[in-house]
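A short write-up of the structure that comes next.
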There are 2 protein chains.
Amino acid sequence: MESKPAVNMLSALGHEGRLAVFRLLVKAGPQGIAAGEIARGLAVPPNSLSANLNILSHAGLIASRREGRSIIYSADYGAMSRLLAFLMEDCCGGAPEICTPLDAILARAKACAPGSAC
Amino acid sequence: MESKPAVNMLSALGHEGRLAVFRLLVKAGPQGIAAGEIARGLAVPPNSLSANLNILSHAGLIASRREGRSIIYSADYGAMSRLLAFLMEDCCGGAPEICTPLDAILARAKACAPGSAC
DNA sequence: TCCATATTTCCAATATTATGGAAATGAAGG
DNA sequence: CCTTCATTTCCATAATATTGGAAATATGGA
């Protein structure tokens with residue numbers, strides 16, 4: 001990934017409210033959540049939420065689709081993976097021993113499949 | 001990791017100049033680079049750089065030590081790992097298939113040890 | 001002590017971002 | 001066509017971040 005889209009993603013996620021929205025969408029899975037439901041769940045006014053959803057969307061981190069009267073938002077896992085890859089590349093280009101903790105992190109993350117205690 | 005320090009880190013990295021600094025420091029390894037050398041390398045005025053180093057430092061992403069007249073900055077790999085872990089956790093809590101691309105990413109990152117073609 | 005180097009701090013101007021009320025748009029149903 | 005619901009857009013205000021010049025601090029050496 002280039003540097004500029006990575007900056008946009010990081011900047012989009014570097015905001016308490018937006019990170020909360022993104023985490024919620026990631027947990028929700030590909031089916032996504034309606035904007036109104038997000039607003040109720042996180043207790044934020046709908047216009048602020050809309051602005052933040054727009055920022056996340058422009059950063060490429062989330063997608064949206066209309067379903068009846070609602071607009072459903074969902075996390076873009078590919079974008080997330082690319083961002084993580086971008087951050088990891090530099091990390092491991094410097095010193096090989098930096099990579100090894102990531103193995104453990106990934107193993108733990110994988111153990112957190114839905115249904116497990118985590 | 002809690003949400004707040006993660007937001008601080010993401011926000012710190014969500015800036016073109018600071019991301020460039022951090023990437024440079026990550027690539028430089030634990031020995032770090034002097035502030036002046038960073039400024040010359042990235043062609044930024046020293047006072048702006050100082051402000052950005054301060055933001056990265058407050059976010060916990062870099063450390064500094066004085067060495068003679070220079071101040072040497074270095075990336076905090078532990079902080080970086082914790083941030084990646086934080087992002088991965090939610091990612092994998094949602095759907096297990098999201099984790100699998102990260103395996104490939106990590107394998108590729110590990111292959112990029114210094115000296116290899118990458 | 002005096003000077004040169006390295007970096008930070010101070011400060012003000014500018015730009016960007018965040019916030020929330022109110023109005024506008026779009027969709028479904030009677 | 002009218003009403004209701006869901007969401008966005010518009011707008012103004014407030015807050016925060018970015019930038020760079022100039023001065024201040026700290027270190028090492030003559």
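What you see is a predicted model, and the numbers here were worked out from it, not measured in a lab. Quick note on labels: first sequence line is chain A, next is B, and so on, each numbered from 1.
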**Prompt:** Rounded to whole angstrom units, what separation is found between the CG atom of A/L19 and the P atom of C/dA18?
**Reply:** 13 Å
**Prompt:** Is the shortest side-chain N/O distance from A/Y73 to OP1 or OP2 of D/dA6 below 4.0 Å?
**Reply:** no
**Prompt:** When the distance from CG of A/L49 to P of D/dT7 is rounded to whole Å, what number comes out?
**Reply:** 9 Å
**Asked** Are any side-chain N or O atoms of B/R18 and backbone N or O atoms of B/A12, one a donor and one an acceptor, separated by less than 3.5 Å?
**Response** yes
**Spacing between B/N8 atom CG and D/dT16 atom C1', to the nearest angstrom** = 14 Å
**Asked** Whole Å only: how far is the CD atom of B/E67 from the P atom of C/dT7?
**Response** 11 Å
**Item:** Separation of C/dT16 C1' from B/E16 CD (nearest whole Å)
**Value:** 16 Å
**Request:** Could you check how far CD1 of A/I62 sits from P of D/dT7, rounded to whole Å?
**Result:** 13 Å
**Request:** Identify whether any heavy atom of A/A34 sits under 4.0 Å from a base atom; if not, whether one sits that close to sugar-phosphate; answer base, sugar-phosphate or nothing.
**Result:** sugar-phosphate
**Asked** Do the side-chain N or O atoms of A/H15 get closer than 4.0 angstrom to the phosphate oxygens (OP1, OP2) of C/dT19?
**Response** yes
**Prompt:** At under 4.0 Å, does any side-chain N or O of B/S70 touch on OP1 or OP2 of C/dT5?
**Reply:** no
**Prompt:** Would you say the side-chain atoms of B/S81 pair up with the backbone N or O of B/Y77, donor to acceptor, closer than 3.5 Å?
**Reply:** yes
**Asked** Minimum heavy-atom separation for A/L61 to A/A79, with atom names?
**Response** CA-CB, 4.4 Å
**Message:** Looking at D/dG20, I'd like to know if its phosphate oxygens (OP1 or OP2) sit under 4.0 Å from a side-chain N or O belonging to B/S48.
**Reply:** yes
**Request:** Please state how far atom CG in B/N47 lies from atom P in C/dT5, giving the value in whole angstrom units.
**Result:** 19 Å
**Item:** Nearest-nucleotide 5' precedence on DNA chain C, A/A51 against B/R66
**Value:** B/R66
**Message:** By the 4.0 Å heavy-atom rule, please label A/P46 as base, sugar-phosphate, or nothing.
**Reply:** base
**Prompt:** Would A/I55 end up clustered with A/L49 when hydrophobic side chains under 4.5 Å apart are linked, directly or stepwise?
**Reply:** no
**Residue met sooner reading DNA chain C from 5', once B/L53 and A/I55 are mapped to nucleotides** = B/L53
**Request:** Check whether any side-chain nitrogen or oxygen of B/R69 sits under 4.0 Å from OP1 or OP2 of D/dG29, and answer yes or no.
**Result:** no
**Item:** A/I71 side chain, from C-beta outward: closest of D/dT8, C/dT9, C/dA18
**Value:** D/dT8
**Asked** What is the nucleic acid contact for B/R40, judged by heavy atoms within less than 4.0 Å: base, sugar-phosphate only, or nothing?
**Response** nothing
**Asked** Rounding to a whole Å, what distance do you find between B/N54:CG and C/dT8:C1'?
**Response** 9 Å
**Prompt:** Is any side-chain N of the basic residue among A/E67 and A/R65 closer than 4.0 Å to the acidic one's carboxylate O?
**Reply:** yes
